[in-house]
*Asks:* 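Got a structure here, written out as C-alpha coordinates. Questions coming.
In what follows, chains are A, B, ... by sequence order, proteins preceding strands, each numbered from 1.
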Protein chains: 2
Amino acid sequence: MNIGDVASVSGLPAKTIRYYEDIGLVSPLRSANGYRTFRESDVHKLAFLGRARALGFTIENCRNLLKLYADTDRASAEVKQIAEEHLQQIDHKIGELTEMRATLAHLVDACAGDHRPNCPILADLAMARQG
Amino acid sequence: MNIGDVASVSGLPAKTIRYYEDIGLVSPLRSANGYRTFRESDVHKLAFLGRARALGFTIENCRNLLKLYADTDRASAEVKQIAEEHLQQIDHKIGELTEMRATLAHLVDACAGDHRPNCPILADLAMARQG
DNA sequence: ATAGGGGTTCCATCTGCTGGAAGGTCAATA
DNA sequence: TATTGACCTTCCAGCAGATGGAACCCCTAT
(Lines give C-alpha, C1' and ligand atoms only; values in the text may rest on other atoms or scores of the structure.)
Protein backbone atom coordinates (compact mmCIF):
# COMPACT_ATOMS: atom_id res chain seq x y z
CA MET A 1 0.00 0.00 0.00
CA ASN A 2 1.23 3.47 -0.87
CA ILE A 3 0.88 6.41 1.43
CA GLY A 4 -2.17 7.82 -0.34
CA ASP A 5 -4.14 4.62 0.12
CA VAL A 6 -3.12 4.41 3.73
CA ALA A 7 -4.19 8.01 4.16
CA SER A 8 -7.68 7.34 2.90
CA VAL A 9 -8.00 4.09 4.80
CA SER A 10 -6.74 5.45 8.10
CA GLY A 11 -8.16 8.93 7.76
CA LEU A 12 -4.77 10.45 8.58
CA PRO A 13 -3.29 12.97 6.14
CA ALA A 14 -0.26 11.71 4.23
CA LYS A 15 1.75 14.52 5.79
CA THR A 16 0.90 13.25 9.23
CA ILE A 17 1.84 9.70 8.32
CA ARG A 18 5.23 10.86 7.10
CA TYR A 19 5.61 12.80 10.29
CA TYR A 20 4.81 9.72 12.32
CA GLU A 21 7.49 7.84 10.45
CA ASP A 22 9.89 10.70 11.13
CA ILE A 23 9.38 10.44 14.84
CA GLY A 24 9.58 6.68 14.78
CA LEU A 25 5.99 5.70 15.44
CA VAL A 26 5.74 3.62 12.31
CA SER A 27 8.35 2.13 9.98
CA PRO A 28 7.01 1.30 6.55
CA LEU A 29 9.21 -0.51 4.04
CA ARG A 30 10.47 1.14 0.87
CA SER A 31 9.95 -0.18 -2.61
CA ALA A 32 12.55 0.13 -5.35
CA ASN A 33 11.29 3.53 -6.48
CA GLY A 34 11.65 4.95 -2.99
CA TYR A 35 7.94 4.95 -2.26
CA ARG A 36 6.87 3.94 1.22
CA THR A 37 5.21 0.55 1.32
CA PHE A 38 2.87 -0.05 4.21
CA ARG A 39 2.11 -3.53 5.48
CA GLU A 40 -1.17 -4.43 7.10
CA SER A 41 0.54 -4.07 10.47
CA ASP A 42 1.61 -0.54 9.63
CA VAL A 43 -1.89 0.42 8.59
CA HIS A 44 -3.16 -1.12 11.77
CA LYS A 45 -0.72 0.86 13.84
CA LEU A 46 -1.70 4.08 12.13
CA ALA A 47 -5.36 3.44 12.77
CA PHE A 48 -4.46 2.78 16.39
CA LEU A 49 -2.60 6.07 16.48
CA GLY A 50 -5.47 7.91 14.90
CA ARG A 51 -7.85 6.69 17.54
CA ALA A 52 -5.48 7.33 20.41
CA ARG A 53 -4.83 10.86 19.17
CA ALA A 54 -8.55 11.41 18.76
CA LEU A 55 -8.89 10.57 22.43
CA GLY A 56 -6.33 13.26 23.11
CA PHE A 57 -3.41 11.06 24.09
CA THR A 58 -0.09 12.79 23.51
CA ILE A 59 2.37 11.38 21.03
CA GLU A 60 4.48 10.08 23.90
CA ASN A 61 1.42 8.39 25.36
CA CYS A 62 0.79 6.84 21.97
CA ARG A 63 4.33 5.57 21.81
CA ASN A 64 3.87 3.85 25.14
CA LEU A 65 0.46 2.53 24.31
CA LEU A 66 1.81 1.03 21.10
CA LYS A 67 4.61 -0.57 23.03
CA LEU A 68 2.17 -2.05 25.51
CA TYR A 69 -0.09 -3.14 22.70
CA ALA A 70 2.78 -5.00 21.08
CA ASP A 71 3.71 -6.66 24.36
CA THR A 72 1.13 -9.37 24.86
CA ASP A 73 2.48 -9.91 28.35
CA ARG A 74 1.75 -6.38 29.55
CA ALA A 75 -0.24 -5.84 32.68
CA SER A 76 -3.46 -4.03 31.94
CA ALA A 77 -2.69 -1.92 35.00
CA GLU A 78 0.00 -0.10 33.04
CA VAL A 79 -2.42 0.81 30.30
CA LYS A 80 -5.04 1.82 32.77
CA GLN A 81 -2.64 4.11 34.53
CA ILE A 82 -1.80 5.98 31.36
CA ALA A 83 -5.47 6.32 30.58
CA GLU A 84 -6.35 7.47 34.05
CA GLU A 85 -3.68 10.11 34.09
CA HIS A 86 -4.91 11.32 30.76
CA LEU A 87 -8.45 11.35 32.05
CA GLN A 88 -7.35 13.54 34.91
CA GLN A 89 -5.73 15.96 32.53
CA ILE A 90 -8.88 16.11 30.47
CA ASP A 91 -10.86 16.84 33.58
CA HIS A 92 -8.42 19.54 34.49
CA LYS A 93 -8.75 21.16 31.08
CA ILE A 94 -12.51 20.93 31.15
CA GLY A 95 -12.43 22.62 34.52
CA GLU A 96 -10.30 25.47 33.27
CA LEU A 97 -12.41 25.97 30.19
CA THR A 98 -15.58 25.88 32.21
CA GLU A 99 -14.31 28.61 34.48
CA MET A 100 -13.30 30.72 31.50
CA ARG A 101 -16.66 30.10 29.95
CA ALA A 102 -18.50 31.24 33.02
CA THR A 103 -16.59 34.49 33.33
CA LEU A 104 -16.80 35.20 29.65
CA ALA A 105 -20.50 34.39 29.40
CA HIS A 106 -21.14 36.71 32.29
CA LEU A 107 -19.30 39.53 30.55
CA VAL A 108 -20.90 38.90 27.19
CA ASP A 109 -24.24 39.00 28.88
CA ALA A 110 -23.49 42.31 30.52
CA CYS A 111 -22.41 43.92 27.26
CA ALA A 112 -25.06 45.73 25.28
CA GLY A 113 -23.27 45.05 22.03
CA ASP A 114 -24.56 48.10 20.27
CA HIS A 115 -23.04 51.19 18.68
CA ARG A 116 -22.20 52.77 22.02
CA PRO A 117 -18.63 52.56 23.33
CA ASN A 118 -19.47 51.55 26.87
CA CYS A 119 -18.34 47.98 27.29
CA PRO A 120 -18.18 45.87 30.46
CA ILE A 121 -15.96 43.34 28.70
CA LEU A 122 -13.21 45.85 28.15
CA ALA A 123 -13.85 47.36 31.55
CA ASP A 124 -13.25 43.99 33.14
CA LEU A 125 -10.12 43.30 31.16
CA ALA A 126 -8.80 46.72 32.03
CA MET A 127 -8.95 46.30 35.77
CA ALA A 128 -8.91 43.57 38.36
CA ARG A 129 -12.24 41.93 38.94
CA GLN A 130 -13.75 42.60 42.31
CA GLY A 131 -15.90 39.54 42.61
CA MET B 1 9.74 50.57 36.08
CA ASN B 2 12.15 47.86 35.02
CA ILE B 3 10.99 44.59 33.59
CA GLY B 4 11.41 42.68 36.83
CA ASP B 5 9.10 45.01 38.72
CA VAL B 6 6.56 44.87 35.93
CA ALA B 7 6.79 41.11 35.99
CA SER B 8 5.96 40.92 39.66
CA VAL B 9 3.23 43.54 39.42
CA SER B 10 1.56 42.05 36.35
CA GLY B 11 2.20 38.42 37.15
CA LEU B 12 3.64 37.86 33.70
CA PRO B 13 7.14 36.38 33.42
CA ALA B 14 9.78 38.80 32.15
CA LYS B 15 10.34 36.48 29.20
CA THR B 16 6.73 36.81 28.23
CA ILE B 17 6.81 40.57 28.51
CA ARG B 18 9.82 40.71 26.22
CA TYR B 19 8.00 38.43 23.85
CA TYR B 20 4.98 40.73 23.89
CA GLU B 21 7.22 43.61 22.98
CA ASP B 22 8.71 41.52 20.19
CA ILE B 23 5.34 40.94 18.63
CA GLY B 24 4.33 44.54 19.08
CA LEU B 25 1.77 44.28 21.84
CA VAL B 26 3.56 46.72 24.06
CA SER B 27 6.29 49.30 23.43
CA PRO B 28 8.18 50.30 26.54
CA LEU B 29 10.75 53.08 26.37
CA ARG B 30 14.45 52.47 26.80
CA SER B 31 16.66 54.16 29.32
CA ALA B 32 20.26 55.14 28.62
CA ASN B 33 21.61 51.80 29.77
CA GLY B 34 19.39 49.92 27.35
CA TYR B 35 16.99 48.71 30.00
CA ARG B 36 13.31 48.72 29.15
CA THR B 37 11.38 51.39 31.01
CA PHE B 38 7.69 50.75 31.45
CA ARG B 39 5.21 53.57 31.92
CA GLU B 40 2.00 53.15 33.86
CA SER B 41 0.19 52.72 30.56
CA ASP B 42 2.48 49.85 29.59
CA VAL B 43 1.93 48.13 32.88
CA HIS B 44 -1.77 48.63 32.44
CA LYS B 45 -1.67 47.12 28.98
CA LEU B 46 0.26 44.12 30.22
CA ALA B 47 -2.24 43.53 32.99
CA PHE B 48 -4.98 43.76 30.39
CA LEU B 49 -3.14 41.20 28.29
CA GLY B 50 -2.66 38.90 31.23
CA ARG B 51 -6.36 38.88 31.96
CA ALA B 52 -7.38 38.47 28.34
CA ARG B 53 -4.98 35.56 27.94
CA ALA B 54 -6.28 34.02 31.13
CA LEU B 55 -9.70 34.07 29.54
CA GLY B 56 -8.22 32.15 26.65
CA PHE B 57 -8.22 34.90 24.06
CA THR B 58 -5.60 34.36 21.38
CA ILE B 59 -2.83 36.87 20.91
CA GLU B 60 -4.55 38.18 17.80
CA ASN B 61 -7.74 38.61 19.79
CA CYS B 62 -5.74 40.49 22.40
CA ARG B 63 -4.28 42.74 19.77
CA ASN B 64 -7.76 43.62 18.58
CA LEU B 65 -9.14 44.03 22.05
CA LEU B 66 -6.33 46.39 22.93
CA LYS B 67 -7.02 48.38 19.81
CA LEU B 68 -10.69 48.62 20.70
CA TYR B 69 -9.81 49.49 24.25
CA ALA B 70 -7.66 52.35 23.05
CA ASP B 71 -10.39 53.59 20.75
CA THR B 72 -12.90 55.33 23.03
CA ASP B 73 -15.25 55.60 20.08
CA ARG B 74 -15.51 51.86 19.50
CA ALA B 75 -18.89 50.20 19.33
CA SER B 76 -19.30 47.70 22.12
CA ALA B 77 -20.76 45.40 19.48
CA GLU B 78 -17.29 44.84 18.07
CA VAL B 79 -15.95 43.74 21.41
CA LYS B 80 -18.95 41.60 22.06
CA GLN B 81 -18.53 39.84 18.76
CA ILE B 82 -14.95 38.89 19.52
CA ALA B 83 -16.00 37.64 22.91
CA GLU B 84 -18.92 35.69 21.53
CA GLU B 85 -16.83 33.98 18.91
CA HIS B 86 -14.34 33.05 21.56
CA LEU B 87 -17.12 31.78 23.75
CA GLN B 88 -18.28 29.55 20.94
CA GLN B 89 -14.80 28.16 20.52
CA ILE B 90 -14.60 27.45 24.20
CA ASP B 91 -17.90 25.64 24.01
CA HIS B 92 -16.65 23.66 21.07
CA LYS B 93 -13.53 22.61 22.95
CA ILE B 94 -15.49 21.73 26.03
CA GLY B 95 -17.72 19.62 23.85
CA GLU B 96 -14.82 17.75 22.32
CA LEU B 97 -13.17 17.18 25.64
CA THR B 98 -16.39 16.00 27.17
CA GLU B 99 -16.82 13.44 24.43
CA MET B 100 -13.27 12.25 24.88
CA ARG B 101 -13.80 12.10 28.57
CA ALA B 102 -16.90 9.96 28.22
CA THR B 103 -15.25 7.45 25.91
CA LEU B 104 -12.12 7.30 27.97
CA ALA B 105 -13.95 6.99 31.26
CA HIS B 106 -15.94 4.14 29.82
CA LEU B 107 -12.79 2.34 28.76
CA VAL B 108 -11.00 2.97 32.02
CA ASP B 109 -14.00 1.59 33.82
CA ALA B 110 -14.00 -1.54 31.74
CA CYS B 111 -10.32 -2.24 32.35
CA ALA B 112 -9.47 -4.45 35.28
CA GLY B 113 -6.12 -2.75 35.73
CA ASP B 114 -4.40 -5.75 37.20
CA HIS B 115 -1.42 -7.94 36.29
CA ARG B 116 -3.30 -9.69 33.49
CA PRO B 117 -2.71 -8.60 29.89
CA ASN B 118 -6.33 -8.46 28.82
CA CYS B 119 -7.19 -4.81 28.29
CA PRO B 120 -10.33 -3.26 26.81
CA ILE B 121 -8.56 0.06 26.38
CA LEU B 122 -6.01 -1.38 23.99
CA ALA B 123 -8.67 -3.50 22.38
CA ASP B 124 -10.67 -0.42 21.61
CA LEU B 125 -7.74 1.51 20.26
CA ALA B 126 -6.78 -1.44 18.10
CA MET B 127 -10.05 -1.68 16.23
CA ALA B 128 -12.94 0.53 15.26
CA ARG B 129 -15.50 0.92 17.96
CA GLN B 130 -18.77 -0.76 17.21
CA GLY B 131 -21.02 1.41 19.36
C1' DA C 1 5.93 13.64 -25.84
C1' DT C 2 3.21 15.21 -22.55
C1' DA C 3 -0.15 15.71 -19.00
C1' DG C 4 -1.90 14.19 -14.72
C1' DG C 5 -1.66 12.31 -10.49
C1' DG C 6 0.95 9.93 -7.59
C1' DG C 7 5.29 9.98 -4.74
C1' DT C 8 9.92 12.01 -2.51
C1' DT C 9 12.83 15.39 0.32
C1' DC C 10 13.67 19.45 2.92
C1' DC C 11 12.71 23.74 4.94
C1' DA C 12 9.57 27.09 6.92
C1' DT C 13 5.62 28.19 9.56
C1' DC C 14 2.02 28.08 13.06
C1' DT C 15 0.87 29.28 18.70
C1' DG C 16 2.73 31.13 22.75
C1' DC C 17 5.89 31.03 24.96
C1' DT C 18 10.29 29.05 27.62
C1' DG C 19 15.28 27.87 28.45
C1' DG C 20 19.86 28.89 28.12
C1' DA C 21 24.23 31.00 26.77
C1' DA C 22 27.09 35.02 26.67
C1' DG C 23 27.55 39.23 28.15
C1' DG C 24 26.50 44.40 29.99
C1' DT C 25 24.95 47.24 34.36
C1' DC C 26 24.37 48.58 38.94
C1' DA C 27 24.37 48.83 44.01
C1' DA C 28 26.51 47.06 47.96
C1' DT C 29 30.03 45.17 50.33
C1' DA C 30 34.98 43.40 51.68
C1' DT D 1 38.97 49.43 44.43
C1' DA D 2 37.67 44.93 43.32
C1' DT D 3 34.31 41.87 43.36
C1' DT D 4 30.05 39.71 44.22
C1' DG D 5 25.28 39.01 42.98
C1' DA D 6 21.13 40.44 41.18
C1' DC D 7 19.63 42.67 37.69
C1' DC D 8 19.31 43.53 32.65
C1' DT D 9 20.40 42.75 27.43
C1' DT D 10 20.40 39.94 22.88
C1' DC D 11 20.10 35.93 20.24
C1' DC D 12 19.30 31.21 19.24
C1' DA D 13 17.01 26.78 20.08
C1' DG D 14 13.21 24.10 21.33
C1' DC D 15 8.50 22.41 22.93
C1' DA D 16 3.77 19.81 20.46
C1' DG D 17 2.03 18.23 16.48
C1' DA D 18 1.54 18.91 12.69
C1' DT D 19 0.90 21.67 8.06
C1' DG D 20 2.23 24.29 3.70
C1' DG D 21 5.05 24.75 -0.06
C1' DA D 22 8.93 24.33 -3.27
C1' DA D 23 11.48 21.48 -6.18
C1' DC D 24 11.86 17.36 -7.91
C1' DC D 25 11.04 12.08 -9.28
C1' DC D 26 7.86 8.27 -11.02
C1' DC D 27 4.29 6.02 -13.53
C1' DT D 28 0.45 5.49 -16.53
C1' DA D 29 -2.55 6.95 -20.19
C1' DT D 30 -3.23 9.30 -24.15
*Asks:* If you check the A/Tyr35 side chain, which of C/dG6, D/dC8, C/dT18 turns out closest?
*Replies:* C/dG6

*Asks:* Nearest-Å distance, CG (B/Leu25) to C1' (C/dG16)?
*Replies:* 11 Å

*Asks:* For the pair A/Phe48 and A/Tyr69, name the ring-plane relationship: parallel under 30°, tilted 30 to 60°, perpendicular over 60°.
*Replies:* tilted

*Asks:* Rounding to an integer number of Å, can you tell me how far A/Ile17 CD1 sits from D/dT19 P?
*Replies:* 11 Å

*Asks:* Reckon A/Ile23 touches a base, only the sugar-phosphate, or nothing at all at heavy-atom distances under 4.0 Å?
*Replies:* nothing

*Asks:* Check the phosphate of D/dT10 against B/Arg30, side-chain N and O only, distance under 4.0 Å to OP1 or OP2. Yes or no?
*Replies:* yes

*Asks:* For the pair made of CZ in B/Phe57 and C1' in C/dG16, what is the distance, rounded to whole Å?
*Replies:* 17 Å

*Asks:* Could you tell me how far apart A/Phe38 (CZ) and C/dT8 (C1') are, to the nearest whole angstrom?
*Replies:* 12 Å

*Asks:* Would you call A/Asp42-A/Lys45 a salt bridge at under 4.0 Å N-O?
*Replies:* no

*Asks:* Check every atom of C/dG20, D/dG17, C/dG7 against the side chain of B/Lys15 and return the nucleotide holding the closest atom.
*Replies:* C/dG20

*Asks:* Hey, does the side chain of A/Arg36 come within less than 4.0 Å of C/dG7's phosphate (OP1/OP2), counting only N and O?
*Replies:* no

*Asks:* Please evaluate the base of D/dG17 for a donor-acceptor partner in the side chain of A/Tyr20 within a cut-off of under 3.5 Å?
*Replies:* no

*Asks:* Taking only side-chain N and O atoms of B/Thr16, does any of them lie within less than 4.0 angstrom of OP1 or OP2 on C/dT18?
*Replies:* yes

*Asks:* Is the shortest distance from a Lys or Arg side-chain nitrogen in A/Glu21 or A/Lys15 to a carboxylate oxygen in the other one below 4.0 Å?
*Replies:* no

*Asks:* Is A/Glu96 paired with A/Arg101 through a side-chain N to carboxylate O contact shorter than 4.0 Å?
*Replies:* no

*Asks:* As a test of reading the structure: which of C/dG7, D/dC8, D/dT19 is closest to the side chain of A/Tyr19, going by heavy atoms?
*Replies:* D/dT19

*Asks:* D/dA6 C1' sits how many Å from B/Asn2 CG, rounded?
*Replies:* 12 Å

*Asks:* Would one find a side-chain N or O of B/Asn33 under 4.0 angstrom from OP1 or OP2 of D/dT9?
*Replies:* no

*Asks:* Please state how far atom CD1 in A/Ile3 lies from atom P in D/dT19, giving the value in whole angstrom units.
*Replies:* 13 Å

*Asks:* May I ask you to say what A/Arg18 touches in the nucleic acid, namely base, sugar-phosphate or nothing, with a heavy-atom cut-off under 4.0 Å?
*Replies:* base

*Asks:* Between D/dG20 atom C1' and A/Asp22 atom CG, what is the distance in whole Å?
*Replies:* 15 Å

*Asks:* Could you check how far NZ of B/Lys93 sits from P of C/dT15, rounded to whole Å?
*Replies:* 13 Å

*Asks:* Could you check whether atom CZ of B/Arg116 has more than 12 heavy atoms from other residues, nucleotides or ligands sitting under 6.0 Å from it?
*Replies:* no

*Asks:* Within less than 4.0 Å of OP1 or OP2 of D/dA16, is there a side-chain N or O belonging to A/Thr58?
*Replies:* no

